[in-house]
Amino acid sequence: MLKPTRLLFLGAPGSGKGTILKRLLKRFPQLHPISSGDVLRSQISKGTEIGKEADKYIKTGLLVPDSTMVNLITEQLRELNGLNDKANWLLDGFPRTFAQAEKLTEILDTTNANLNLVVELDVDQKLILHRIESRYVHLPSGRIYSLDYNPPKVPFKDDVTGEDLVKREDDNAKTFKKRLDKYNEEIGPLREYYQKLGIWHSVSGETSDIIYPKVEKLVYEL
């Protein structure tokens, strides 16, 4: 990293994004990771006003509105002192739509702390569907393993706790294709938006060992 990096990391479900992120954050510990899911759970757990607002939507089965999600992320950035042009952070899982991206840009522009790098993993989705059958998860933590390319040290056991790994009901090709279709529907306008801003990069490959060096190079040369 030769200058402050504010990165949005994107990839289709099953593309190996978690594995790449883990390696990237180890290589660049100054990057503060901000996961939309983690932020949402944290704010709800703390009982903050914005957490309570989000929780109302979740409990009624509704999607959390774009404005609420942007406010959640902005508040997290504020807590991390990330709303300045010297900040280093990485967004994972948000924004997911064009509308969210626009709102986030409006807010971050006011503090001169907007995104300066967007990376999307480009993995053949036929390969993703082939792999998904071998995916297992440690439910309490959300850690994901693949028997093909990211196996646990002990078969079917979590590396950290030693607890059993399970196969989620939706980890089958037929169900997973619906998630890929949804991703493809959302990513088009988002991709076009960041391409116009000149910060979008697509990184292709079949394995994390092929993809990761390309991602690291983009961050290092920013």
Does a side-chain heavy-atom distance below 4.5 Å link [X] with [Y]?
| X | Y | value |
| --- | --- | --- |
| Tyr193 | Thr105 | yes |
| Glu192 | Phe98 | no |
| Asn172 | Glu133 | yes |
| Phe9 | Ile20 | yes |
| Asn114 | Ile199 | no |
| Val137 | Asp171 | no |
| Leu7 | Leu24 | yes |
| Leu108 | Leu77 | yes |

>> Would you say Thr97 and Glu186 are linked by a side-chain donor-acceptor pair, where the criterion is simply a distance under 3.5 Å?
In response: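 Side chains of Glu186 and Thr97: no pair found under 3.5 Å.
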>> Could you check whether Asn184 and Gln125, counting side-chain N and O atoms only, form a donor-acceptor pair closer than 3.5 Å?
In response: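 The criterion, which ignores hydrogens and geometry beyond distance, is satisfied for Asn184 and Gln125.
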So does [X] have more than 12 non-hydrogen atoms from other groups sitting under 6.0 Å from [atom1]?
| X | atom1 | result |
| --- | --- | --- |
| Lys217 | NZ | no |
| Lys17 | NZ | yes |
| Arg23 | CZ | yes |
| Lys214 | NZ | yes |
| Leu63 | CG | no |

> Does the side chain to side chain contact (heavy atoms under 4.5 Å, CB included) test come out yes or no for Gln43 and Gln76, once each step is laid out?
Replying inline: CA-CA 9 Å; Gln43 293 294 323; Gln76 183 68 18; 4.0 Å; yes
> Would you say Leu21 and Leu91 are hydrophobically clustered, going by side-chain heavy atoms of ILVMFWY under 4.5 Å?
Replying inline: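 They do not share one cluster, since no chain of ILVMFWY contacts under 4.5 Å joins Leu21 to Leu91.
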> Going hydrophobic residue to hydrophobic residue with side-chain gaps under 4.5 angstrom, can you get from Met69 over to Leu90?
Replying inline: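 No, separate clusters.
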Does [X] use its side chain to pair, donor to acceptor, with the backbone of [Y] at less than 3.5 Å?
| X | Y | value |
| --- | --- | --- |
| Asp92 | Pro33 | no |
| Asn116 | Arg6 | yes |
| Lys157 | Pro152 | no |
| Thr161 | Asp159 | no |
| Asn71 | Ser67 | yes |
| Thr74 | Val70 | yes |
| Glu216 | Tyr212 | no |
| Tyr136 | Pro155 | no |

> Taking all atoms of both residues into account, what is the closest heavy-atom pair of Pro213 and Ser208, and its distance?
Replying inline: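 Distance-wise, the nearest heavy atoms are CD-O, 4.1 Å.
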>> Show the nearest heavy-atom pair for residues Gly14 and Phe176, with the distance to one decimal.
In response: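 So the minimum-distance heavy-atom pair works out to N-CZ, 3.8 Å.
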> Under the side chain to side chain contact (heavy atoms under 4.5 Å, CB included) criterion, do Val215 and Leu121 qualify, and how do the steps go?
Replying inline: CA-CA 9 Å; Val215 176; Leu121 302 187; 4.2 Å; yes
>> Does this structure show an ion pair linking Lys178 with Asp181, if we count only N-O contacts that are shorter than 4.0 Å?
In response: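 Result for this pair is no, no salt bridge flagged.
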So, taking the atom named [atom1] in [X] and the one named [atom2] in [Y], what distance separates them when rounded to the nearest 0.5 Å?
| X | Y | atom1 | atom2 | result |
| --- | --- | --- | --- | --- |
| Ile34 | Trp89 | CD1 | CH2 | 6.5 Å |
| Ile132 | Leu180 | CD1 | CG | 8.0 Å |
| Leu40 | Thr68 | CG | OG1 | 10.0 Å |
| Thr5 | Leu115 | OG1 | CG | 11.0 Å |
| His138 | Ile144 | NE2 | CD1 | 12.5 Å |
| Leu25 | His32 | CG | NE2 | 11.0 Å |

> Should the ring pair Trp200 and Tyr194 be called parallel, tilted or perpendicular, given that the plane angle runs from 0 to 90° and is split at 30 and 60?
Replying inline: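 The rings of Trp200 and Tyr194 lie parallel, inter-plane angle below 30°.
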> Is there a side chain to side chain contact (heavy atoms under 4.5 Å, CB included) between Asn84 and Thr111 once you walk through the steps?
Replying inline: CA-CA 6 Å; Asn84 65 80; Thr111 61; over 6 Å; no
>> Is there a salt bridge (Lys or Arg N to Asp or Glu O under 4.0 Å) between Glu106 and Lys103? Walk through the geometry before answering.
In response: CA-CA 5 Å; Glu106 289 175 9; Lys103 288 179 182 294; over 6 Å; no
> Can Glu75 and Arg78 be said to form a side chain to side chain contact (heavy atoms under 4.5 Å, CB included), step by step?
Replying inline: CA-CA 5 Å; Glu75 181 59 31; Arg78 186 175 289 110; 3.0 Å; yes
> Of Asp55, Leu72, Ile50, which meets side chain to side chain contact (heavy atoms under 4.5 Å, CB included) against Ile44?
Replying inline: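 The residue from Asp55, Leu72, Ile50 that satisfies side chain to side chain contact (heavy atoms under 4.5 Å, CB included) with Ile44 turns out to be Asp55.
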